[in-house]
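Below, chains carry the letters A, B, ... as their sequence lines are ordered, and counting in each starts from 1.
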Number of protein chains: 2
Amino acid sequence: MAFTLRQLRYFLATAENRTVSGAAQALAISQSAVTEAIRELEADLGVPLFERHPRGLEITPRGHQFLRHAQQILSSVSDARQAMKVEAEHLSGRLNIGVTSLVAGYVISDVLARFRRANPAVEVAALEDSGEYLEHLLIGGELDAAVMVTSNLRDRLALQAEILEVSPYQLWLPNGHPLAAQPSVAISDLAQEPMIMLRLDETEQPTRRLLDAFGARPRIAFRTRSVEAVRSLVATGAGIALLPALIYRRWSLEGDPIVSRDVSGSLPVVQVGVVWRKGAPLSPAVREFIRTAQSQRFRR
Amino acid sequence: MAFTLRQLRYFLATAENRTVSGAAQALAISQSAVTEAIRELEADLGVPLFERHPRGLEITPRGHQFLRHAQQILSSVSDARQAMKVEAEHLSGRLNIGVTSLVAGYVISDVLARFRRANPAVEVAALEDSGEYLEHLLIGGELDAAVMVTSNLRDRLALQAEILEVSPYQLWLPNGHPLAAQPSVAISDLAQEPMIMLRLDETEQPTRRLLDAFGARPRIAFRTRSVEAVRSLVATGAGIALLPALIYRRWSLEGDPIVSRDVSGSLPVVQVGVVWRKGAPLSPAVREFIRTAQSQRFRR
DNA sequence: ACCTAGCTATCGGTTTTTCCGATAGCGGCA
DNA sequence: TGCCGCTATCGGAAAAACCGATAGCTAGGT
């Protein structure tokens, strides 16, 4: 009747290892202790977190949902401990950050909240806009830095980037889709498939160009600005999607499965990073922001 | 070597009660158990969280800092549990939220992060700007809602507000300041005092008007947009400040004490709330956002 | 069809943590 | 000075956590 941090840590290790015994080994603890902890956690939440298979455990959709909460909690715990450890040299000043919408909802709202907690004397202003406009503001000196997709920067001469994450394009399919039979799919096979397009951060144009270049002319079934809507549409069989692995999840919000497949051939990748104006001296606050963003590994 | 949620809960209860035995009673647990848990927590963090006095405990500046982390962690824990409890009816759609800068850094970044976690299918866009401009956008229908100081709304006819927090003005003084001798201070006594002004959310104009109205003509020593800068300046004796109790804290970031005193006479209060256009039907997403904001009590 | 390897679940017993009640100590206050 | 309200500490009891051993399961190889 109240789970513990210990249970969360064991749960996390188990989810990462996809096996209890592996987690036990990583934790330097006996397997039975881990099994027990997970059983308690499930009983406490009233939700099965894993499906048991003879070769290991497979996380359930609800389990995966809880996993993200667990990660968030544990990272808050580690922040709290860190805050007590260091004899704070207090950063101050202003920090003007731009974010594109893809990145804004995804992971950066957590990073910003954490940064503000850790650096209360820094006045943070966050602005959400298109990558194009953010570049403009960066060059004009109105933003200190921006978090955005860097693989299609317009002005590479004036801007400098620190990559946070590199992510290849991959194909999303509904469960049981014929293309899922092969481990890897050729772009030309997509010719007749209805596509779901995500209208965020200019992921749409590169995708179209990609398809065009390979002569595939798929039908656009839907266009939406919501990642979750894409997931739901793919999961229910309304179409397939070609998107960065970064935002892939195994289930839609409703719990319907989504399958991902690599696309054969060398495709461009998406890079997400922190961008600032070349030559501009990085303020300590920006540097610290980059550190915070890096420490927050992107999560599925 | 790794604190537990139990310890955080006991710590929180103790900080609220300012006494171990009171906390023990509230927790329906023995006093020695609480004492023990706090001792362990302090040993684990390597930081004294309370000063022991014969009539109870007084939290230290570091303890107070840790308290905010503890609150954040426990509220994440409760969110996680909640997420597993409800058989999610998934809200979707867009939510365009405006915030003023005072409110942005203070508590709303946490609320937004929590809202996004709890409602992943809602595309949230947050915009930070002046109250005046936010009103304009609200009336134009470009924002669904805004979190801002509502006590000086310009257009009360077209806008409607749900108050989140009401907060009276109070006086901030350095430790040992002569005015701190009295429990309550008259505005006229401020005539000769150097003032620190906060240039956020139009807190400055009302303050000036207030002082003018009472014939007090204090000297403006500093103007800054950083709440923490005001705290540091007041704590080090650079001046005094007249600000909403909402943002009062007992110490500056450096750990120097700040004293607060009520101002005698009936002063205007500051109201912080969620504002939307009158007559506009509140979308479920907005309603849920208000609920999230309300549940997050403002923290000192 | 039958092993075997690799995994999880469960159980008894041990160690560690948590809790309680009792008691001692400490400083305000009548 | 003695009482009152609080915290710290201690011994012992109760509960939780852990371990090692064992049983059970199934995919994959033979």
Chemist: For dA9(C), does OP1 or OP2 lie under 4.0 Å from any side-chain N or O of R52(A)?
Modeler: yes
Chemist: Atom CG of L41(B) to atom P of dT18(C): distance rounded to whole Å?
Modeler: 12 Å
Chemist: Return the value, rounded to whole Å, for the distance between atom CD1 of I38(B) and atom P of dT9(D).
Modeler: 13 Å
Chemist: Round to a whole Å and report the spacing from CD1 of I59(B) to C1' of dT7(D).
Modeler: 17 Å
Chemist: I need the residues from residues 18-32 of chain B with at least one non-hydrogen atom less than 4.0 Å from DNA chain D; give them sorted by number, or say none.
Modeler: T19(B), V20(B), S21(B), Q31(B), S32(B)
Chemist: For the side chain of A33(B), counting heavy atoms from C-beta on, which of dC20(C), dT18(C), dT7(D) is nearest?
Modeler: dC20(C)
Chemist: Flag the pair F66(B) / F11(B) as yes when their ring centroid distance falls below 6.0 Å, and as no otherwise.
Modeler: yes
Chemist: To the nearest 0.5 Å, how far apart are CZ in R9(B) and CD1 in I29(B)?
Modeler: 11.0 Å
Chemist: Select base, sugar-phosphate, or nothing to describe what Y10(B) touches, counting heavy atoms under 4.0 Å on all strands.
Modeler: sugar-phosphate
Chemist: Judged by modelled atom types alone, do E193(B) and H177(B) share a side-chain donor-acceptor pair under 3.5 Å?
Modeler: yes
Chemist: I need the CG-P distance between L57(A) and dC25(D), as an integer number of Å.
Modeler: 17 Å
Chemist: What is the separation between atom CD on E40(A) and atom P on dC18(D), rounded to the nearest whole Å?
Modeler: 9 Å
Chemist: Please report the distance, rounded to the nearest Å, between NE2 in H53(B) and C1' in dC26(C).
Modeler: 13 Å
Chemist: So, the side chain of R261(A) versus the backbone of Q182(A): is there a donor-acceptor pair under 3.5 Å, distance only?
Modeler: yes
Chemist: Could you tell me whether D44(A) and R81(B) make a salt bridge, using a distance below 4.0 angstrom between a side-chain N and a carboxylate O?
Modeler: yes
Chemist: I'd like to know if D79(A) pairs up with R114(A) as an ion pair, taking the criterion as any Lys NZ or Arg NE/NH1/NH2 lying under 4.0 Å from an Asp or Glu carboxylate oxygen.
Modeler: yes
Chemist: What integer distance in Å separates F50(B):CZ from dC6(D):P?
Modeler: 15 Å
Chemist: Both R55(A) and R39(A) contact DNA chain C. Taking the nearest nucleotide for each, which residue is further toward the 5' end?
Modeler: R55(A)
Chemist: Does the distance from a Lys or Arg side-chain N to an Asp or Glu carboxylate O, for E42(A) and R39(A), drop under 4.0 Å?
Modeler: no
Chemist: Between dA14(D) atom C1' and E36(B) atom CD, what is the distance in whole Å?
Modeler: 15 Å
